[in-house]
Amino acid sequence: MRVFSMIFFSCLFLMFTQAHAAQTDEETRRNEGEMAAILKTRGGLTDIVSYMATRPDLFPLQSPAQKRVLTSAQSQEVRDLWARFLDYQLMLDASWRLMSDRNEGNGQEESEDAVHFAMRYATFLTRYRYALEFIRLADADPAVRILLNEPVTEIGLPGRSYADFKFRFLHVAMASEFALLSARYSTVYSAAFKGRGGEGAKPLIQVIRKDQSYLWRAGRAHGLLNTLRNAGQIVQEGGARLIFPIQKGVSEWMGHTRVASGDRFLVSADQIAALRPRLHPGDILLERREWYLSNVGLPGFWPHAALYIGDVEERRSYFDTPEIRAWLQTQGIHDGQFETLLKTRHPHAYRLSQQPDEAGDMPRIIEAIGKGVVFTTLEYSAAADSLAVLRPRLSRLEIAQAVLKSFEYSGRPYDFDFDFRTDGQLVCTELVFKSYRPENGRQGLDWPLSTVAGRPVVTANNIVRHFDETWQTPAQFLELVAFFDGNAHTGRAEESSLESFRASWRRPKWHILVQKD
């Protein structure tokens with residue numbers, strides 16, 4: 001009996017130890033992800049204010065002697081920078097509220113561990129520091145202030161948002177919170193950051209010191225007088241509404257879907273599995289994921305596009321037509337198999353397209369993501385918060401030619417410059433655009449180009465806009481297969497109507513902030 005008891009308790013202890021280790025590993029992964037997001041966001045803000053400092057023609061540090069009117073190109077560049085800046089600020093705002101809510105919910109205010117406090121503090125400092133830097137660079141010229149107070153429709157901000165922004169960050173309450181957190185950092189956590197308990201926070205310590213130093217210098221240089229001096233101007237500009245209306249429920253949802261678990265999306269695995277039989281090679285997927293840094297700088301509700309290529313059996317069946325077999329003969333493929341052409345033209349890409357992922361799922365998507373143009377699984381790519389599938393109104397031959405063209409781009413790096421004029425690097429919609437581009441007698445799909453940050457592009461949101469504006473006209477060359485509309489407050493996506501999809505491009509970028517149950 002004693003031996004049995006020893007074995008039982010040994011097993012119980014082992015199970016507890018393994019469970020604790022798994023929980024610790026999960027917490028470590030979450031902390032690492034949150035830290036990486038903070039540092040990446042800070043890097044993006046650094047790039048923006050550094051660029052602003054190199055453009056005194058846009059952001060003079062002294063008020064111009066004479067009033068000026070910005071050119072259309074200058075106005076667009078200022079708006080683009082403002083939108084990108086607010087993207088980063090909103091991500092930090094949401095992260096701050098999430099971490100604060102989680103801390104309060106766990107009753108850990110007094111016993112918060114060093115790593116978690118460092119992340120909260122670094123998030124606060126990044127928000128505050130770069131807000132003050134942006135205001136310093138943007139505030140001298142009345143023409144810039146007027147422009148920044150215009151509505152930012154791409155992210156759903158009302159007019160006079162810059163005045164609200166200044167009110168928030170030049171308010172004495174913000175300075176008081178900074179002083180309180182700084183005191184806590186230097187007293188409660190100073191020993192922990194020097195010892196083993198703070199090892200996990202080392203990536204943040206350096207930026208914390210830099211941002212602290214900047215803010216203390218800014219406080220000495222400007223202080224409360226700066227706040228009071230701006231108050232009259234802010235009131236005149238119509239401020240004091242607070243521009244980031246994130247509710248606690250939204251922050252809690254974010255925690256479950258992104259920061260806490262990182263893999264829970266509103267479009268469910270069951271919905272993706274049920275969708276697969278409805279797809280054909282050549283279909284275009286439009287995807288939206290909430291609260292991702294990859295959304296920064298991309299205008300509109302829909303940020304991402306991908307191309308469904310199917311698997312070997314799907315392509316073999318779909319492309320087995322007399323027209324395609326005749327075309328294959330002209331390409332030197334005498335067995336009449338489209339797969340033979342793919343293997344022959346793009347052998348390396350074809351091998352990559354046949355490699356299952358860790359779960360055993362086969363690639364059925366080609367898309368341009370951060371690591372370049374890659375083959376991914378439907379289960380991976382379609383895991384989103386909103387998802388739409390569009391089908392080109394083209395012959396199967398033209399679709400086969402587009403799929404063939406997409407294989408040509410496999411392995412090319414991601415185009416972080418978002419420039420359709422180059423082929424060496426591609427952004428997500430560029431892969432779709434160039435795979436279906438009319439050329440060599442092909443009808444193809446001819447979306448109108450727009451300009452983003454001075455570069456010609458087709459955005460995912462403008463694909464939907466074009467679909468809506470050309471509805472039931474000869475220029476309409478797509479049809480809707482499915483639209484799964486995610487709702488953060490209900491925690492699920494529901495298949496929605498054609499009318500809802502057509503209107504989706506009009507939604508504000510941060511649609512989640514205004515969603516209702």
Side-chain angles (χ1 to χ4, degrees), residues 276-285 305-356 362-369 372-378 381 389-415 420-447 449 458 463 477-479 481:
R276 183 185 151 196
R278 299 164 58 184
L279 301 179
H280 292 165
D283 286 349
I284 299 165
L285 276 66
L307 186 63
Y308 186 78
I309 57 172
D311 59 23
V312 171
E313 292 306 317
E314 289 174 89
R315 291 193 296 267
R316 183 172 289 135
S317 172
Y318 191 69
F319 295 133
D320 185 18
T321 70
E323 183 184 27
I324 292 176
R325 287 196 295 271
W327 170 69
L328 288 169
Q329 290 289 330
T330 67
Q331 304 300 306
I333 305 301
H334 301 296
D335 65 1
Q337 295 294 316
F338 180 66
E339 291 303 297
T340 304
L341 178 61
L342 285 178
K343 291 181 200 176
T344 304
R345 285 283 175 87
H346 308 294
H348 179 65
Y350 190 82
R351 284 194 297 273
L352 293 176
S353 75
Q354 300 306 299
Q355 296 176 3
M362 291 299 298
R364 293 183 175 87
I365 299 284
I366 186 169
E367 59 184 335
I369 56 179
V373 180
V374 295
F375 296 99
T376 59
T377 67
L378 177 65
S381 184
V389 181
L390 296 170
R391 181 163 296 152
R393 290 175 170 167
L394 296 173
S395 69
R396 295 196 184 192
L397 172 58
E398 289 235 354
I399 292 173
Q401 291 169 336
V403 170
L404 176 66
K405 186 70 174 177
S406 73
F407 273 63
E408 178 182 320
Y409 296 116
S410 170
R412 297 192 188 182
Y414 189 80
D415 186 1
F420 277 37
R421 294 169 296 188
T422 62
D423 279 352
Q425 304 174 98
L426 285 88
V427 71
C428 64
T429 49
E430 188 178 3
L431 172 65
V432 175
F433 174 83
K434 290 185 174 177
S435 295
Y436 274 112
R437 180 168 45 187
E439 58 184 3
N440 300 325
R442 292 169 52 196
Q443 175 185 342
L445 304 178
D446 194 13
W447 286 288
L449 291 164
V458 172
I463 289 176
F477 46 63
L478 296 168
E479 62 182 84
V481 176

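Quick note: numbers below take in every heavy atom, side chains included, and nothing from hydrogens, waters or symmetry partners.
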Do [X] and [Y] come within less than 4.5 Å of each other through their side chains, counting heavy atoms only?
X      : Y      : result
Arg315 : Ile309 : yes
Ser381 : Glu367 : yes
His334 : Thr340 : no
Glu439 : Lys405 : yes
Ile324 : Asp320 : no
Ile369 : Val374 : yes

- Query: Does Glu323 pair with Arg396 as a salt bridge, N-O distance under 4.0 Å?
  - Reply: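 A salt bridge is absent here (no side-chain N lies under 4.0 Å from a carboxylate O).
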- Task: Give a yes or no on whether a salt bridge exists between Glu430 and Arg412, defined as a side-chain N under 4.0 angstrom from a carboxylate O.
- Result: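 So Glu430 does not pair with Arg412 through a salt bridge.
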Minimum heavy-atom separation for [X] to [Y], with atom names?
X      : Y      : value
Leu404 : His346 : O-NE2, 3.6 Å
Leu431 : Ala368 : CD2-N, 3.9 Å
Phe407 : Ser353 : CE2-OG, 3.9 Å
Met362 : Thr377 : O-CG2, 3.7 Å
Tyr308 : Arg276 : OH-CG, 4.1 Å
Gly282 : Val403 : N-CG2, 4.2 Å

- On the 0 to 90° scale, with breaks at 30° and 60°, tag the Tyr318-His280 ring pair as parallel, tilted or perpendicular.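 It falls in the tilted class, 30° to 60°.
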Is [X] reaching over with its side chain to a backbone N or O of [Y], donor-acceptor style, under 3.5 angstrom?
X      : Y      : answer
Gln331 : Leu341 : no
Thr429 : Val458 : yes
Lys434 : Phe420 : yes

From [atom1] ([X]) to [atom2] ([Y]), nearest 0.5 Å:
X      : Y      : atom1 : atom2 : value
Arg393 : Gln443 : CZ    : CD    : 11.5 Å
Thr344 : Gln337 : OG1   : CD    : 11.5 Å
Ile365 : Ser406 : CD1   : OG    : 10.5 Å
Gln401 : Ser395 : CD    : OG    : 7.0 Å
Asp446 : Tyr436 : CG    : OH    : 14.5 Å

- I would like to know whether Tyr350 and Phe375 meet ring pair (Phe, Tyr, Trp, His ring centres under 6.0 Å); could you show each step before the answer? CA-CA 10 Å; Tyr350 190 82; Phe375 296 99; 8.9 Å; no
- Full working for side-chain contact (heavy atoms from CB on, under 4.5 Å) between Arg316 and Phe338: CA-CA 7 Å; Arg316 183 172 289 135; Phe338 180 66; over 6 Å; no
- Message: Assess the residue pair Val432 and Trp447 against the criterion (side-chain contact (heavy atoms from CB on, under 4.5 Å)); give the C-alpha distance rounded to whole Å, side-chain angles, the decisive distance to 0.1 Å, and a yes or no.
- Response: CA-CA 11 Å; Val432 175; Trp447 286 288; 3.9 Å; yes
- Message: Evaluate Ile333 against Trp327 for side-chain contact (heavy atoms from CB on, under 4.5 Å), listing each step before the verdict.
- Response: CA-CA 9 Å; Ile333 305 301; Trp327 170 69; over 6 Å; no
- Query: Of Ile284, Leu394, Asp283, which is the lone residue that meets side chain to side chain contact (heavy atoms under 4.5 Å, CB included) with Leu478?
  - Reply: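 Of Ile284, Leu394, Asp283, side chain to side chain contact (heavy atoms under 4.5 Å, CB included) with Leu478 is met by Ile284 alone.
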- Message: Could you go through Lys343 and Arg351, starting from their C-alpha distance and side-chain angles, then the distance that decides it, and tell me whether this counts as side-chain contact (heavy atoms from CB on, under 4.5 Å)?
- Response: CA-CA 8 Å; Lys343 291 181 200 176; Arg351 284 194 297 273; over 6 Å; no
